[in-house]
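Remember, predicted model here, so these are calculated numbers, not experimental data.
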Number of protein chains: 2
Amino acid sequence: MARAVSETHGEILAAAARRFAVTGYRGTSLQDIAREVGCSKATVLYHFANKEALLAELMAPAIAVLQDLDDQLTDLTGAAAQEVAATGFVDLAVRFRREIAVLRGEFPELLCQPPFAHIQRISERLRDALAGHSDRPGPRIAALVLLAGISEACAEFVDIPDDELRAALLTLVRRAIEPVDAHLPRQPTTEDKDS
Amino acid sequence: MARAVSETHGEILAAAARRFAVTGYRGTSLQDIAREVGCSKATVLYHFANKEALLAELMAPAIAVLQDLDDQLTDLTGAAAQEVAATGFVDLAVRFRREIAVLRGEFPELLCQPPFAHIQRISERLRDALAGHSDRPGPRIAALVLLAGISEACAEFVDIPDDELRAALLTLVRRAIEPVDAHLPRQPTTEDKDS
DNA sequence: TCAGGGTCTGACCGATCGGTCAGGCATGCT
DNA sequence: AGCATGCCTGACCGATCGGTCAGACCCTGA
C-alpha cells in the first residue's frame with residue numbers, strides 16, 4: 001500500500017462525504033468509510049483524530065463561506081439584508097450540496113459540539129435577515145421554510161446543473177419573501193461583494 | 001407498579017414521540033425511552049415487539065391522513081390538485097408536527113422498511129401535484145422546497161398556535177407556487193432550457 | 001386457597017460502535 | 001549498515017445498541 005499521505009487523506013475525506021450524504025453522520029460508521037476507501041478503520045483514525053474531526057474537516061470550506069456570509073450581513077438591514085441573505089445562501093447551498101446534505105437532520109445534538117457551535121447562531125441570524133428582521137410570525141416562518149427547504153432541495157437534486165438550480169431557487173425566494181418595506185421596492189443592491 | 005396496560009402503553013408512546021422529535025429515531029435508544037417513562041427497557045419491549053414497531057404505531061395516524069390526502073389527489077389535476085395538495089399538506093404538517101419531526105432526516109434508510117415503504121411514493125405524488133404536474137425544473141424544485149421547508153418549520157415552531165402557523169404557511173405556499181393554468185393542463189413552455 | 005394470566009424486571013446475549021496500541025513495512029538520511 | 005520516520009494494520013478495549021428470557025409480582029375468578 002503506502003500511498004502518499006495527501007492521497008489517502010483525500011480519499012478518506014471523499015469517501016466520508018459520499019457515505020455521510022447517503023446515510024448521515026450517525027448512520028455511517030468508520031468501518032463503512034474504511035471499506036469504501038479500501039483501507040482499515042485504523043487507517044482512517046490515523047489520518048483523523050476521531051470521527052468528529054473528520055466531519056469538521058469535511059465541513060470546513062462550507063462553514064468558512066457561511067461565516068463570510070454572516071460577516072456581510074452584520075452591517076446590513078432591511079431589504080438589502082434580505083437580498084444578500086437570499087442570494088448568498090442560495091449560492092452557498094448550491095455550491096456545497098453534499099455538505100449541506102450531511103448536516104440535514106443531524107442538527108440537535110451534532111451542532112452543539114464545539115466545532116459547530118456557532119453554526120446555529122449564524123443560521124438564526126441568516127433566517128432573521130431573510131425575514132427582514134421582522135418579529136411577526138409570518139415572515140419568520142417563511143424564512144425558515146425557505147432556508148430548510150433550499151437545503152433539502154440542494155441535497156436532493158444532485159443531477160441538476162448548478163446555475164439552473166440556483167436560478168430556480170432565487171426565483172422562488174424572491175417570489176416567496178415579503179419585501180420588508182412596501183414603499184421601498186426591492187432592488188439588486190449592488191453592494192461590492194469582494195471575497 | 002402494575003399500571004393498566006393502556007396507560008403504560010400510551011406513556012411509552014408519548015415518551016418515544018418526545019425523544020424521537022428531539023434526538024431522532026436512530027439517536028434515541030430504548031433505554032432513553034424507558035428512562036423517560038420510568039420503567040425498564042424490557043417493559044418497552046413487552047408492549048412493543050421491537051423499536052420499529054414502536055415507530056410504526058407512533059406514525060400510524062399521520063400516515064393514515066397522508067394516505068387520505070393521496071387518495072384525494074388521484075382524481076385531480078392542475079390548479080385543483082395544487083390547491084388540495086397545498087391545503088392538505090399544510091394541515092397535515094401542522095396537526096402532526098411531532099410526527100413530522102421524527103421522520104425529518106431519517107429518510108434514506110428508515111423509509112425503505114416495509115411499514116413506510118409507500119410513504120416515499122406518496123410524497124413524490126404530493127410534490128408532483130403541488131408542482132402542477134409540470135416537468136419543468138422550476139415548479140418541481142419549488143414544490144420540494146416548500147414541502148421540506150414546511151415539515152421543518154412545523155417541527156421547529158412548536159410554540160405557535162395551530163391556526164396561526166397554518167395561516168402563515170398557506171399564505172407562503174400560495175405566494176410561492178406558480179399557479180398552473182386550469183384550462184391548459186401541462187403547457188410545455190420550456191423553451192430550450194437545456195444545458 | 002390456589003391456579004392462571006397480565007404486567008414488569010434484572011440479568012444476560014451477540015453485534016457493533018468509536019477508539020487505542022504495539023508492531024510491521026517500506027523509504028530515506030547519516 | 002544502522003537508524004529514524006511516516007504510513008498502515010490486526011487485535012483488542014469498554015461502552016452501548018436492540019433484543020431475549022426466566023421468573024417475580026400482582027389481581028381475579030373458581
Side-chain angles (χ1 to χ4, degrees), chain A residues 1-20 22-59 102 105-106 108-116, chain B residues 1-20 22-59 102 105-106 108-116:
Chain A
M1 305 295 179
R3 284 161 287 201
V5 52
S6 59
E7 192 176 334
T8 304
H9 193 90
E11 281 179 17
I12 294 173
L13 220 46
R18 263 173 279 141
R19 297 299 308 162
F20 285 166
V22 174
T23 50
Y25 176 73
R26 266 193 294 247
T28 302
S29 70
L30 295 176
Q31 196 73 255
D32 292 334
I33 298 169
R35 195 180 304 120
E36 181 135 341
V37 174
C39 67
S40 72
K41 187 181 68 172
T43 299
V44 175
L45 286 164
Y46 168 76
H47 285 279
F48 300 90
N50 49 46
K51 195 184 180 187
E52 190 182 304
L54 174 53
L55 176 66
E57 187 163 328
L58 198 63
M59 306 295 295
V102 173
E106 314 246 12
E109 289 190 348
L110 198 62
L111 291 195
C112 294
Q113 253 92 319
F116 317 104
Chain B
M1 306 293 179
R3 284 160 287 204
V5 52
S6 60
E7 192 176 333
T8 303
H9 193 90
E11 282 180 16
I12 293 173
L13 220 46
R18 263 173 278 140
R19 297 300 307 163
F20 285 166
V22 175
T23 50
Y25 175 73
R26 266 193 295 245
T28 303
S29 69
L30 296 177
Q31 196 73 258
D32 292 333
I33 299 170
R35 196 181 304 122
E36 180 136 340
V37 173
C39 69
S40 72
K41 187 181 68 170
T43 299
V44 174
L45 286 164
Y46 167 76
H47 286 279
F48 300 89
N50 49 44
K51 195 184 179 186
E52 190 181 305
L54 173 53
L55 176 67
E57 187 164 328
L58 198 63
M59 304 297 294
V102 173
E106 313 247 9
E109 289 190 349
L110 197 61
L111 290 194
C112 294
Q113 254 90 319
F116 316 104

*What does B:Leu45 touch in the nucleic acid at a heavy-atom separation under 4.0 angstrom: a base, only the sugar-phosphate, or nothing?*
base

_So B:Ser29, base contact, sugar-phosphate only, or nothing? Heavy-atom distance under 4.0 Å._
sugar-phosphate

*Nearest to the side chain of B:Ala42 - D:dG19, D:dT9, C:dG10?*
C:dG10

_Residue A:His47, side-chain atoms from C-beta onward, closest of D:dC8, C:dG18, C:dT9_ = D:dC8

Value in whole Å for how far the [atom2] atom of [N] lies from [atom1] of [X]:
X	N	atom1	atom2	answer
B:Glu7	D:dC27	CD	C1'	16 Å
B:Tyr46	D:dG18	OH	P	21 Å
B:Lys41	C:dT7	NZ	C1'	18 Å
B:Leu30	C:dT9	CG	P	14 Å
A:Asn50	C:dC17	CG	P	17 Å
B:Arg26	C:dT16	CZ	C1'	14 Å
A:Arg35	D:dG10	CZ	C1'	16 Å
B:Phe48	D:dT20	CZ	C1'	18 Å

*Side-chain heavy atoms of A:Thr23 within contact of A:Asp32, under 4.5 Å*: no

_Residue mapping more 5' on DNA chain C - nearest nucleotide basis, A:Thr28 or B:Val44_ = B:Val44

Phosphate oxygens OP1/OP2 of [N]: is one of them under 4.0 Å from a side-chain N or O of [X]?
X	N	answer
B:Thr43	C:dC8	no
B:Thr8	C:dC8	yes
A:His9	D:dC7	no

*Looking at OH of B:Tyr25 and CE of B:Met59, how far apart are the two atoms once the value is rounded to the nearest 0.5 Å?*
11.5 Å

*Can you measure from CG (B:Leu30) to CD1 (B:Ile12) and round to the nearest 0.5 angstrom?*
10.0 Å

*Side-chain donor-acceptor pair under 3.5 Å between A:His47 and A:Glu57, yes or no?*
no

_Atom of A:Asn50, atom of A:Leu45 and distance for their closest heavy-atom approach_ = CA-CD2, 3.8 Å

